[in-house]
There are 2 protein chains.
Amino acid sequence: MTQELFARYSFLLDRTARKVKQYAQQQFKTGEFDVTVDQWLVLKNLSENELLSQTELANLVFKDNPTLTRIIDLLCKKNYVERVPHPQDRRSFQLHLTESGISKVSELRPKILEIREKAWENLTGKDFEEFKRILDTIYQNLDGQVSE
Amino acid sequence: MTQELFARYSFLLDRTARKVKQYAQQQFKTGEFDVTVDQWLVLKNLSENELLSQTELANLVFKDNPTLTRIIDLLCKKNYVERVPHPQDRRSFQLHLTESGISKVSELRPKILEIREKAWENLTGKDFEEFKRILDTIYQNLDGQVSE
DNA sequence: TACCAATAGTTAGTGTGACAAATATATAAA
DNA sequence: TTTATATATTTGTCACACTAACTATTGGTA
């Protein structure tokens with residue numbers, strides 16, 4: 001039945017997403033990158049957008065606030081990120097990379113691009129377009145359905 | 001640069017997989033299904049293959065042993081699954097659904113197919129084939145690279 | 001028989017994800 | 001100014017993923 005078949009997309013998606021994260025994390029560990037995959041995502045976005053608040057950054061990386069708070073906690077402990085009190089709004093912080101954070105990003109960026117390429121062997125630019133279109137459609141279909 | 005572009009697949013994949021799980025979990029909660037999305041996956045596979053060992057089931061659903069142990073623990077607590085000592089091998093168990101587990105599966109199956117359909121709006125059977133092909137290729141590219 | 005490697009499953013530690021509730025501060029309305 | 005509401009972040013709880021280490025058992029082999 002078609003319905004049964006389509007229902008398998010969730011399984012394939014979950015399985016592949018986990019494999020991708022697992023592979024990257026394994027490479028991160030081998031290379032002693034000193035950050036996790038999610039911590040890298042946060043660092044990378046901070047390096048491209050300085051002085052974000054936590055909420056802004058959370059929206060950018062599609063993580064919820066509690067999750068981001070905890071990731072930032074870890075990055076602060078590792079001394080890659082600092083929370084600077086917002087000059088006008090005492091509720092919020094401006095996030096910025098430390099010296100150490102900046103050099104970590106430039107050290108890791110090329111290595112991570114290399115790791116990411118592995119997944120895309122045997123696939124074309126056109127495949128990527130299809131992939132992106134389908135994933136975005138699924139996302140849109142389900143977004144706005146959850147508490148919005 | 002193409003490399004930068006391709007590297008975004010991991011982000012898109014992770015984001016969409018999380019949205020799919022979140023949407024389903026939200027519907028599960030609203031419908032008071034009394035199980036999580038992952039618990040459902042395990043129940044469903046048990047209903048299609050009785051008397052599996054935990055390791056066999058883990059391979060089937062692509063979860064690792066510790067994760068499966070905890071999911072089975074929870075399903076036993078909820079009285080949907082029982083661990084029966086394996087008659088020949090005292091190290092392992094045969095898993096089987098209780099009466100309650102069987103009726104839970106048949107109660108939830110149609111509802112979940114309906115929930116799963118939502119994601120596939122505006123997409124075709126051909127899209128599904130492409131989707132499956134690309135995800136499987138990515139999986140294969142990275143599999144066997146991690147401790148195997 | 002005694003040893004040893006492999007296997008089944010569990011436990012513990014850390015990180016992440018979702019959700020709800022709490023705290024502090026800001027802003028708008030009465 | 002007081003009150004009400006909204007926003008930024010944190011804390012707590014539960015579930016899941018991955019790793020490493022551990023127990024018990026099995027099966028092969030010297």
Side-chain angles (χ1 to χ4, degrees), chain A residues 14-30 33-42 52-59 61-78 83-95 142 146-148, chain B residues 14-30 33-42 52-59 61-78 83-95 142 146-148:
Chain A
D14 187 61
R15 185 181 77 150
T16 308
R18 268 188 290 125
K19 177 61 81 176
V20 166
K21 186 174 276 191
Q22 183 193 6
Y23 175 76
Q25 191 59 59
Q26 226 270 334
Q27 299 299 110
F28 276 35
K29 194 180 169 198
T30 304
F33 288 6
D34 187 39
V35 290
T36 66
V37 171
D38 296 281
Q39 288 164 23
W40 163 253
L41 177 66
V42 167
L52 292 174
S53 73
Q54 292 191 188
T55 300
E56 288 166 339
L57 181 54
N59 291 333
V61 297
F62 290 83
K63 294 188 182 296
D64 64 9
N65 281 343
T67 300
L68 191 67
T69 289
R70 287 174 185 120
I71 292 177
I72 297 294
D73 284 348
L74 293 171
L75 290 174
C76 285
K77 241 183 236 160
K78 291 177 181 175
R83 287 182 170 102
V84 179
H86 189 289
Q88 273 85 48
D89 189 338
R90 281 188 300 167
R91 290 171 304 178
S92 78
F93 300 102
Q94 293 179 329
L95 300 172
L142 303 183
V146 183
S147 68
E148 274 186 0
Chain B
D14 187 61
R15 185 181 77 151
T16 307
R18 270 188 289 124
K19 176 63 80 177
V20 165
K21 187 174 275 191
Q22 183 194 9
Y23 174 77
Q25 191 58 59
Q26 224 268 335
Q27 300 299 110
F28 276 35
K29 196 181 169 196
T30 305
F33 288 7
D34 187 39
V35 290
T36 66
V37 170
D38 296 282
Q39 288 164 22
W40 163 253
L41 177 66
V42 167
L52 293 174
S53 74
Q54 292 191 191
T55 299
E56 288 166 340
L57 181 54
N59 291 333
V61 297
F62 289 83
K63 293 189 182 297
D64 58 21
N65 279 345
T67 299
L68 193 65
T69 290
R70 287 187 187 101
I71 292 177
I72 296 294
D73 283 348
L74 292 170
L75 290 174
C76 285
K77 241 182 236 160
K78 290 176 181 175
R83 286 183 171 101
V84 180
H86 189 289
Q88 273 85 48
D89 189 340
R90 280 187 301 167
R91 291 170 304 178
S92 78
F93 300 103
Q94 292 178 330
L95 299 172
L142 303 184
V146 183
S147 67
E148 275 186 0

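Per chain, numbering begins at 1; letters A, B, ... match sequence-line order. Being a predicted model, the structure only gives us computed values, none of them experimental.
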> More 5' along DNA chain D: A/D73 or B/P66, using each one's nearest nucleotide?
Replying inline: A/D73

> Is there a donor-acceptor pair closer than 3.5 Å between any side-chain N or O of B/K19 and the backbone N or O of A/L142?
Replying inline: no

All side chain to side chain contact (heavy atoms under 4.5 Å, CB included) counterparts of [X], not counting sequence neighbours:
X     : answer
A/K29 : none
A/N59 : A/T55
A/R83 : A/Q54, A/T69, A/I72, A/D73, A/C76, A/F93, A/L95
A/Q25 : A/F28, A/T36, A/V37

By side chain to side chain donor-acceptor pair (under 3.5 Å) - contacts of [X] (at least two apart):
X     : value
A/D89 : A/R91
A/S92 : none
A/N65 : none
A/D38 : A/K21, A/K63

>> If the helix axis at each end comes from five base pairs, how far does the helix from C/dT1-D/dA30 to C/dA30-D/dT1 deviate from straight, to 10°?
In response: 10°

Would you please confirm or rule out a distance under 4.0 Å between OP1 or OP2 of [N] and any side-chain N or O of [X]?
X     : N      : value
A/S53 : D/dA8  : no
B/R83 : C/dA8  : no
B/Q54 : C/dA8  : no
A/T69 : D/dT11 : no

Rounded to the Å, how far apart are [X] [atom1] and [N] [atom2]?
X     : N      : atom1 : atom2 : result
B/Q22 : D/dC16 : CD    : C1'   : 15 Å
B/K29 : D/dT13 : NZ    : C1'   : 12 Å
B/L68 : C/dT11 : CG    : P     : 14 Å
B/N65 : D/dT23 : CG    : P     : 18 Å
B/L95 : C/dA8  : CG    : P     : 13 Å
B/F93 : D/dA24 : CZ    : C1'   : 11 Å
B/L75 : D/dA15 : CG    : C1'   : 12 Å
A/E56 : D/dT9  : CD    : P     : 8 Å

>> Nearest 0.5 angstrom please: B/Q94 CD to B/E56 CD, how far?
In response: 9.0 Å

>> How close do B/R18 and A/F62 get, counting heavy atoms only, and between which atoms?
In response: NH1-O, 2.8 Å

>> Under 4.0 Å, heavy atoms only, any strand: does A/S92 hit a base, just the sugar-phosphate, or nothing?
In response: sugar-phosphate

Using the 3.5 Å cut-off, write out each protein N or O paired with an N or O of nucleotides 13-17 of chain C and the distance between them.
residue, atom, partner, partner atom, Å
C/dT16, OP1, A/T36, OG1, 2.3
C/dT16, OP2, A/Q39, NE2, 3.4
C/dG17, OP1, A/D38, OD1, 3.4
C/dG17, OP1, A/K63, NZ, 2.8
C/dG17, OP2, A/K63, NZ, 3.1

Could you write out each protein N or O paired with an N or O of nucleotides 25-29 of chain C at a distance under 3.5 Å?
residue, atom, partner, partner atom, Å
C/dA26, OP1, A/R90, N, 3.0
C/dA26, OP2, A/R90, NH2, 3.4

> For B/R70 and B/L74, what are the C-alpha separation, side-chain angles and deciding distance, and is it a side chain to side chain contact (heavy atoms under 4.5 Å, CB included)?
Replying inline: CA-CA 6 Å; B/R70 287 187 187 101; B/L74 292 170; 5.5 Å; no

